[in-house]
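See below for the structure under consideration.
All ligand and atom numbering here is 1-based and tracks the order in the structure. If you read the sequence from its start, that first residue is 1, and numbering goes on from there. Remember, it's a predicted structure, so these values are computed and weren't measured experimentally.
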Amino acid sequence: VSADVVVAGSGAAGLVAALTAAAGGARVTLLEKADTIGGTSAVSGGRLWVPANGRPGNEGDTIRAAREYLNGVFDERYGEMTDTFLAGAAPMTEFVERHTPHRFAVCPHYPDYHPAKPGATLGGRCLDMHPLDTRELHPRLAEVRRPPGYVPMTHAEWEAWRYPAYFDDDLLRHRRENRIETNGVALTSALLHGVLDAGVIVQTGATIEDVRRVSVDRRISGGLRITVDGETRDVGALILATGGFDWDSARRKEFLPSPVAGLGGPPSLTGDGLTIAESLGAATGNLGDGWWMPMMAVPGETIDGERFCRGLVRERGAPKQVVVNEAGRRFVDEALPYNEIGKAMHRRDADGGYPNGIAYLVFDAGFHRRYPLPGILPGQPVPDWVPAADSPRALASRIGVDPDGLQATLDNWNAMCPHGVDEEFGRGGNPYDRYYGDARVTPNPTMAPIDEGPYYAVRMLSGSAGTKGGPVTDVDARVLDRDGEPVPGLYAAGNTTAFWTADGYPGPGSTLAIGMTFGHRAARAALESG
Ligand SMILES: Cc1cc2nc3c(=O)[nH]c(=O)nc-3n(C[C@H](O)[C@H](O)[C@H](O)COP(=O)(O)OP(=O)(O)OC[C@H]3O[C@@H](n4cnc5c(N)ncnc54)[C@H](O)[C@@H]3O)c2cc1C
């Protein structure tokens, strides 16, 4: 197969790139290393952070307000990239709706992650989706991966139901039986349908091994010779969308904070795009950062044979739990956005150690009656793998935490709860924290005493929803070499790339929105250069 455009990686960034190139008239091949389609995108929430999206629920939002909000959240040195993202995100979503069955739905109450910053909104920028009925769609949608613990529920339904006791089980059963999808499964499925419909050749189990520069004259110029599973072909443009280097243990050790241990993406994320780009002389950046997300491992849950970890996104806002380090001390407002929790877990002490690298979420029987955790459902017996004890001190001894420290922490916490003021870390003091609280609990929906035995703890891992270092790209997603010049024919988008955003995470859906916007731009630039 000879193709004008080859896209490596079938996550959302790669699928949008392939769709854009095919819709623009190119012959496109999409190569996916794993046997299933969708990468981390398929196991994700599938939500996109798109300011000024022009949809009902986001009225009055402007690019200008979003730009003000992003000042200081993203690295100002790369303001041009921020402007390009803001200008391109909403048109990208409209393109996706024109070319796929995906239909976005505004989350009108989902706040930005720094709600006190000028330009922030308390809802409207995050786009979820309407459920996707895949029964009449392309049969290859069966190849889209499904994460352990996947519940086909929209964000609006979660907002309405909140806790498992209120879930509409009949509706969810109907969805499961009829392949009606939500979350990243819906996003990936809809994009895959559009891609196949547009004539893209999609190959799974196909790994790019080598890329060389050659001078070929294709309709889209560039001239790269790629080797895929021993077979060589010349392509006009190669778009790298191979995700992060999460599962490359050598790079993880070299670049990431050592506590990072929870990985949500598949083991095929070994930084191949970065390796390829480096071999072609690309400049690299932001290698030490990730989209941090505290995680939990449920024993037995795997992804392509490796340990799968589930994100702790909503649970930390519930009352009747705190997170402590090995000293038994709290170290952060537990209800903060996940990226901020990661930063707190990576904080160094004067000796260069990570005092919060090992952390436990401690909860009581009252929490277990009401609120879910991955693999631990309210109203069902607490699984054997969850450490339990009749007193906080005994629990601390079981998990290797300082008993006096934990007892003092819970005494202090319980004393603060009736007033609803977290004097240590201000939990529940902002709209984001309260969004994930329990409105039935007053005066602070995130605070209630941990005072009902048995007491339980689960290990909260420092995790990553994807690394965000890689080859440096420009506003057209062209990979740049060390002199700042584009590497001919080479583009990159998504977690493969160096995110100019540095350690910033502005709101729910930022990573997919940015990856897809630049995947779209990469393909357009490839088409224009042809
Ligand atoms: C639990 C969880 C929830 C999340 N929820 C959200 C959310 O709601 N919104 C949001 O914005 N972000 C979310 N994220 C983060 C988001 O999923 C990722 O940042 C995003 O999916 C990355 O997309 P990508 O296209 O860059 O890479 P991926 O989706 O990871 O896809 C990369 C693909 O490339 C393939 N590949 C690797 N090497 C090669 C090769 N050599 N040749 C061919 N193919 C290759 C991989 O197998 C993989 O399929 C979440 C993450 C997690 C873990």
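- With ring centers used as reference points, Tyr338 lies 6.0 Å or more from Trp292.
- Scanning all protein heavy atoms for the shortest distance to atom 51 (C) of ligand 1 gives Ala465 CB, 3.4 Å.
- Every atom of ligand 1 with a heavy atom of Ser268 under 4.0 Å away is listed here by number and element: 37 (C), 38 (N), 46 (C), 47 (O).
- Between Gly46 and ligand 1, at least one N/O pair is under 3.5 Å apart.
- Looking at ligand 1, you'll find an N or O of Gly509 within less than 3.5 Å of one of its N or O atoms.
- Taking atom 45 (C) of ligand 1 as the reference point, the nearest protein heavy-atom neighbour is Lys33 CB, 3.5 Å.
- The shortest contact between atom 33 (C) of ligand 1 and any protein heavy atom is with Glu32 OE1, 3.6 Å.
- Taking the six-membered ring for Trp and the full ring otherwise, Tyr163 and Phe167 have centroids separated by 6.0 Å or more.
- Look at Glu301 and Arg310 and you find a salt bridge, because one of the NZ, NE, NH1 or NH2 atoms lies within 4.0 Å of a carboxylate O, short of that distance.
- Counting the atoms of ligand 1 from 1 in the order shown, those under 4.0 Å from a heavy atom of Ile208 are 41 (N), 42 (N).
- Of the heavy atoms in Ala12, only backbone atoms (N, CA, C, O) come closer than 4.0 Å to ligand 1.
- Looking only at protein heavy atoms, the nearest one to atom 50 (C) of ligand 1 is Ser44 CB, 3.5 Å.
- Where the criterion is an N or O separation shorter than 3.5 Å, residue side chain and backbone included, Leu512 meets it with respect to ligand 1.
- Ring pair His520/Phe518: centre-to-centre distance not below 6.0 Å.
- Each of the atoms 42 (N), 43 (C) of ligand 1 lies under 4.0 Å from some heavy atom of Ala206.
- Residue Arg47 has at least one heavy-atom neighbour below 4.0 Å for each of these atoms of ligand 1: 7 (C), 8 (O), 9 (N), 10 (C), 11 (O).
- Protein heavy atom at the shortest distance from atom 28 (P) of ligand 1 is Thr40 N, 3.5 Å.
- When each of Leu30, Val6, Val7 is paired with Ile239, the side-chain contact (heavy atoms from CB on, under 4.5 Å) condition holds for Val7 and for no other.
- Residues meeting the side-chain contact (heavy atoms from CB on, under 4.5 Å) test with Ile180, sequence neighbours left out: Pro131, Asp133, Arg135, His174, Arg175, Asn178.
- Side chains of Thr100 and His193: a donor-acceptor N/O pair is absent below 3.5 angstrom, by distance only.
- Distances from ligand 1 to the non-hydrogen atoms of Gly466 include no value under 4.0 Å.
- Trp247 places a side-chain N or O within donor-acceptor distance of the main-chain N or O of Pro266, the cut-off being under 3.5 Å.
- Interface atoms of ligand 1 facing Ala13, defined by a heavy-atom separation under 4.0 Å, are 25 (O).
- Heavy atoms of Gly38 come nearer than 4.0 angstrom to ligand 1 in at least one pair.
- The ligand atoms of ligand 1 that sit less than 4.0 angstrom from a heavy atom of Leu31 are 43 (C), 44 (N).
- Distances below 4.0 Å separate heavy atoms of Gly494 from the following atoms of ligand 1: 26 (O).
- A distance-only check finds no donor-acceptor pair linking the side chain of Glu32 to the backbone of Val202 [under 3.5 Å].
- For ligand 1, the polar-atom distance check against Trp291 finds no nitrogen or oxygen pair separated by under 3.5 Å.
- The shortest N or O to N or O distance between Met295 and ligand 1 is not below 3.5 Å.
- Within the 4.0 Å heavy-atom criterion, the part of Ser510 lying near ligand 1 is the backbone and not the side chain.
- At the shortest separation from atom 5 (N) of ligand 1 among protein heavy atoms lies Gly45 N, 3.0 Å.
- Only the side chain of Asp272 comes within 4.0 Å of ligand 1, counting heavy atoms alone; its backbone N, CA, C and O stay farther away.
- Neither the backbone nor the side chain of Leu48 has any atom closer than 4.0 Å to an atom of ligand 1 (non-hydrogen atoms only).
- Evaluated for a side-chain contact (heavy atoms from CB on, under 4.5 Å) with Leu269, the options Thr467, Thr40, Asn495 yield exactly one hit, Thr40.
- Ligand 1 lies nowhere less than 4.0 angstrom from a heavy atom belonging to Gly184.
- A donor-acceptor distance shorter than 3.5 angstrom exists from the side chain of Ser41 to the backbone of Ala12, with no hydrogens or angles considered.
- Among all non-hydrogen protein atoms, the one lying nearest atom 15 (C) of ligand 1 is Thr511 OG1, 3.3 Å.
- Under the 4.0 angstrom criterion for non-hydrogen atoms, Gly265 is not in contact with ligand 1.
- Contact annotation for Pro266 and ligand 1: no heavy atom of the residue comes within less than 4.0 Å of the ligand.
- Here the side chains of His346 and Val260 are in contact, with some heavy-atom distance below 4.5 Å.
- Between Tyr110 and Trp49, the distance from one ring center to the other does not fall under 6.0 angstrom.
- At most 12 non-hydrogen atoms from other residues, nucleotides or ligands lie less than 6.0 angstrom from CD of Glu80.
- The contact set between ligand 1 and Gly9, taken as ligand atoms under 4.0 Å from a residue heavy atom, comprises 33 (C), 34 (O), 35 (C), 43 (C), 44 (N).
- Looking from atom 21 (O) of ligand 1 to the surrounding protein, the closest heavy atom is Ser41 OG, 2.8 Å.
- Within 6.0 Å of CZ on Arg176 lie more than 12 heavy atoms contributed by other residues, nucleotides or ligands.
- Checked options Ser268, Pro147, Pro267; the residue passing with Ile303 is Pro267 (criterion: side-chain contact (heavy atoms from CB on, under 4.5 Å)).
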For this session: Verify salt bridge (charged side-chain N to carboxylate O under 4.0 Å, His left out) between Asp304 and Arg145, making sure each step is shown before the conclusion.
Result: CA-CA 10 Å; Asp304 295 352; Arg145 69 166 72 245; 2.9 Å; yes
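- A side-chain contact (heavy atoms from CB on, under 4.5 Å) with Met516 holds for exactly one of Leu187, Thr511, Thr93; it is Leu187.
- At a heavy-atom distance under 4.0 Å, only backbone atoms of Ala241 (N, CA, C or O) approach ligand 1.
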